[in-house]
Amino acid sequence: MRSQRPFVIEALTAIGLIVAPFVLPYLDFTPTTMSRIVVWGLFGIGFDILYGFTGLLSFGQSAFYGTGGMVAAYLLTIVGFPRVVIAVIVGMIAASIIGYLIGLIALRRTGIYFAMITVAIAEVFYFVEFNPLSEYTGGENGLPGVPTPTFPLGFTTIHIDTDWSLYTFFAFWYLVGIVIALRIVRSPFGVIFSAIRDNPLRAAAVGHNVHDYKLAAFVIAAAYAGLAGGLLGVLQGFMPPEAFTFDTSGQLVIQTAIGGAGTLFGPLVGATVWLYLSDFFQNTLHLGATWKLVLGIVFVLLVCFLHRGLIGGINDLYDLAAGRGAAKVEPEAPAAFSGVTAEAAQKAAPIGFAREPAPPAMPAASRTTNDFSGPILRASGLTKRYGGLLANSDIHFTVNRGELRGIIGPNGAGKTTLFKMLTCEVPPTSGKIMFEGRDITGMNVTDVCQLGLTKSYQVNQLFTRLTVRENLTIAALAERRGKFRLDMLRRVRKIYGLTEQVEHTLELVDLTAHPDKPVSALPYGEKRRLEVGLALACSPSLLLLDEPLAGMSPRERIEMVDLLKSISRGRTIIIIDHDMHSLFELVERVTVLQEGRVLIEGTPGEIKGNKAVQEAYLGGVLAA
Ligand code: ATP
C-alpha cells in the first residue's frame with residue numbers, strides 16, 4: 001500500500017475488477033455473489049476509514065446503510081422518481097446528514113462507550129424503521145420493486161438489468177469509491193486520521209482538532225454506507241429491512257477484521273471470504289443451520305493467526321520474501337503519508353547532522369522569534385486542586401522571551417501539574433495565564449499549541465505505528481494547516497515548506513539516520529529525542545520540556561544535553577528535570593517548587609548556594 005507511484009493501486013484495482021468475471025466463476029462465484037461482494041466492499045471502505053485509519057470502532061453502520069437504502073428505494077418505488085443513480089446519491093447524502101448528527105452525539109464519548117452508543121443508535125434506527133416509519137419503509141416487508149438503472153443516450157437506451165451488467169455497474173461504483181478513499185487517506189486531511197488512531201492525546205497536543213477530524217471520518221463512513229445501501233436495493237430489486245439489523249453491522253466488522261483493517265481493501269477481501277464460505281457451507285456442503293458455527297470457527301482462527309487480516313498476512317509474507325521481515329517490528333502505516341518520504345526528503349536536500357549545528361534558517365511560518373524583550377508568559381495566582389489535594393498553590397511565574405528556565409522540586413512538588421496548566425491540558429482551579437499578552441486561561445491544548453505554546457511529555461507520547469518522519473510530519477502539519485482543514489484532495493508533499501520543516505527537525509533532534517524506521521523499533525534514547533522533536537516540529541515560540549532526560553542511560557543523557565544546548569539557541573524554553581547537574585549547566589534561571597508552591601527563584605549559582613533549597617530539597621546533595 002505504500003506506493004509512491006500515482007494511480008498504480010487504482011489501476012490494479014480496475015484491472016482486478018475487470019478480470020474477476022473471467023476468473024471467479026471457475027471458483028463457483030456467481031455474478032450475484034460478486035455483486036454482493038463489491039457492494040459489501042464499498043460499504044466497508046468507509047468503515048475502514050473510520051475504524052482502520054481513525055481507530056473508531058462503530059457497531060452502528062447499519063443505521064446509515066439502511067437509511068441510504070431506504071431513502072433511495074422510497075424515491076424509486078413510492079415517489080416514482082425515474083433516475084436510479086440520482087436516487088442512490090440522494091440516499092447517500094441523507095445518510096451523510098444523519099451521520100453528521102449522530103456523530104455529534106456519539107463522539108462525545110471514546111472507546112467502549114463510543115462503540116456502545118453506536119450499537120444503541122443502530123437499534124433505535126431499527127425500531128424506527130419497523131414502527132413509526134413503516135408507512136415509508138414498508139416495515140418488516142421492506143420496499144419491493146426497486147428498479148434497475150437505465151441510461152437513455154438519445155439514439156439508444158442502456159438497460160442495466162442482466163447479472164453481468166449489474167456487476168459492472170456495482171464494480172464501477174466500487175472503483176469510484178476506492179479512488180476517492182485512496183485520495184482521502186493520502187491527503188494531509190487523511191494522514192491526521194492515523195495520528196488520532198495511534199495517540200489522540202498527542203494529536204490534540206500538537207495542534208489538531210481531534211473532534212472535528214473524527215466527525216469528518218464518521219460522516220465519510222456514513223456516506224459510503226448510504227451509497228452501498230442504495231446499491232443494495234438495486235442489487236436485490238427490493239430494499240430489505242435487514243439492512244438495519246445489528247447483524248449487518250457485525251458482519252461488516254468481521255469482514256473487515258478478516259480482510260485486514262487499515263488497508264481499504266480489507267473489507268472487500270473479507271467479504272469475498274465470508275460470502276464464498278457461507279455459500280460453500282450452505283449450498284455445497286449442505287451444513288444446514290451449523291454453517292454459522294463453522295464460519296465462526298474459521299473467523300476465530302483467521303483473526304488469531306492473522307491478527308492484521310489476510311492483507312496484513314500477505315504483506316508480511318511479501319516482506320519476508322523481500323528480506324525485510326527482520327527490520328519490521330510494527331505494521332507500517334497504511335496508504336497514508338505517501339507524500340512525505342525519503343524521496344521527498346532528498347529533494348529537500350537534507351544536511352548531515354553535526355553536533356550542535358548552526359540552526360538552518362527556520363521555515364517562513366516558524367514562530368521562533370529574535371525579539372527577546374519582555375515576558376512571553378505570565379502566570380498569576382495559579383492553583384490546582386484535585387479533590388482535597390492541593391497540587392499547585394498560588395503560583396506566580398513569569399518567563400521572558402529567549403529565556404532558558406529550569407524548574408526543579410522533589411517528587412510530587414507539582415511541576416508536571418504546573419506544565420499541564422500552562423499548556424491548558426488541565427484548567428486551573430483559580431489563577432490566570434497570559435501568553436504573548438493574551439489570556440489563555442480556560443483555552444484548550446489544541447488552541448494553545450496553535451498560538452505557539454507546546455510541550456514534550458514526561459512519558460513519551462508518540463504515534464507508535466508511524467515512522468519517525470511521519471511523526472514529525474503530523475506535528476508540522478498542524479502548524480502549516482491550522483487545527484482543521486478539509487483538504488481531502490490535496491497531496492501532503494504539496495504543502496509549502498512542510499518537507500523542509502520536517503527535515504530541519506530531524507536534524508535538530510539527530511534522527512536523520514533512521515527517518516523511515518517505525519517508532520516502535522527505535523531505542524529508548526531516540527524515542528526520547530523524537531518526543532522533543534514532536535514539540536519542536538510545531539515551531540513553538542515557547543517550548544516546555546517535561547523531564548527530557550528521564551529514564552536515559554548516562555551516554556544518552558550526554559547526547560540529550562548536547563541536543564538541548566543546540567536547540568535552545570534562539571528559543572524560549574522551560575525545562576523540568578531531576579538531573580540538577582545537567583539542568584544547572586543548561587539554564588539561566590531556576591524556579592524551585594516545593595509542596596505545590598514556589599520556594600525560590602534565581603540563577604543556578606544562587607539556587608546551589610541557597611540554604612533553604614539545600615535543606616528543603618537538595619538535602620545536602622550539592623553541599624556534599
Ligand atoms: P514528579 O517529579 O514525580 O513527576 P511532580 O512535581 O511533577 O512530580 P505532579 O505530578 O505535578 O508532581 O503531582 C503533584 C501532586 O498532584 C502529587 O501529589 C500528585 O499525586 C497529584 N496529582 C497529579 N495529578 C493528579 C490527578 N490527575 N489527580 C489527582 N492527583 C493528582
Side-chain angles (χ1 to χ4, degrees), residues 110-111 199-202 204-205 377 379-397 399 404-433 440-445 448 453-462 524 527-528 531-532 535 542-552 556-557 560-561 564 573-584 586-587 589-602 604 607 610 612-622:
T110 54
N199 194 336
L201 180 145
R202 193 59 189 268
L377 180 86
S380 46
L382 273 191
T383 297
K384 182 68 192 175
R385 247 178 215 289
Y386 289 112
L389 187 121
L390 202 56
N392 279 154
S393 172
D394 195 28
I395 290 188
H396 295 266
F397 184 71
V399 176
L404 209 59
R405 174 72 63 93
I407 298 182
I408 60 169
N411 291 111
K415 305 179 295 295
T416 297
T417 306
L418 175 62
F419 264 21
K420 282 185 178 170
M421 285 194 287
L422 295 179
T423 51
C424 295
E425 252 181 276
V426 296
T429 308
S430 60
K432 189 170 163 184
I433 308 163
I440 59 165
T441 328
M443 282 176 76
N444 62 50
V445 68
V448 169
L453 197 174
T454 194
K455 74 165 189 179
S456 73
Y457 285 73
Q458 189 177 349
V459 177
N460 290 339
Q461 294 291 338
L462 306 172
Y524 180 75
K527 279 187 182 148
R528 212 66 201 118
E531 175 61 44
V532 173
L542 174 57
L543 175 62
L544 277 53
L545 303 174
D546 194 351
E547 297 195 29
L549 304 173
M552 286 184 154
E556 288 170 340
R557 272 166 191 264
M560 183 59 120
V561 170
L564 292 176
I573 302 181
I574 311 174
I575 309 177
I576 295 176
D577 216 280
H578 285 291
D579 182 341
M580 272 164 282
H581 180 74
S582 305
L583 196 80
F584 287 175
L586 275 168
V587 301
R589 282 184 78 73
V590 180
T591 302
V592 185
L593 291 190
Q594 191 201 15
E595 293 177 2
R597 294 170 187 276
V598 176
L599 179 67
I600 189 171
E601 219 173 84
I607 297 298
N610 187 282
V613 176
Q614 285 181 9
E615 279 170 18
Y617 176 63
L618 300 173
V621 173
L622 285 184

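Order of appearance sets the numbers: ligands from 1, and atoms from 1 within every ligand. Start at 1 with the first residue, then count along the sequence.
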Counterpart residues, salt bridge (charged side-chain N to carboxylate O under 4.0 Å, His left out), relative to R557 (two or more places apart):
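Per chain and number, R557 pairs via salt bridge (charged side-chain N to carboxylate O under 4.0 Å, His left out) with D579.
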Can you list every protein residue that has a heavy atom under 4.0 Å from any atom of ligand 1, sorted by chain and residue number?
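Ligand 1 pocket, heavy atoms under 4.0 Å: Y386, L389, A391, P410, N411, G412, A413, G414, K415, T416, T417, Q458, E547, H578.
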Apply side chain to side chain contact (heavy atoms under 4.5 Å, CB included) to T110 and list each qualifying residue two or more places apart in sequence or on a separate chain.
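Once residues adjacent in sequence are excluded, the partners of T110 under the side chain to side chain contact (heavy atoms under 4.5 Å, CB included) criterion are K214.
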Which residues share a side chain to side chain contact (heavy atoms under 4.5 Å, CB included) with V598, sequence neighbours left out:
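Residues passing side chain to side chain contact (heavy atoms under 4.5 Å, CB included) with V598: I395, T591, L593.
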E531 and R202: CA distance, side-chain angles, deciding distance, salt bridge (Lys or Arg N to Asp or Glu O under 4.0 Å) verdict
CA-CA 10 Å; E531 175 61 44; R202 193 59 189 268; 2.5 Å; yes
Counting heavy atoms not belonging to R589, are there more than 12 under 6.0 Å from its CZ?
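Atom CZ in R589 is crowded, with more than 12 foreign heavy atoms closer than 6.0 Å.
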Would K455 count as a cation-pi partner of Y457, with NZ or CZ less than 6.0 Å from the six-membered ring centre and within 45° of the ring normal?
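The answer is yes; both the distance and angle limits are met.
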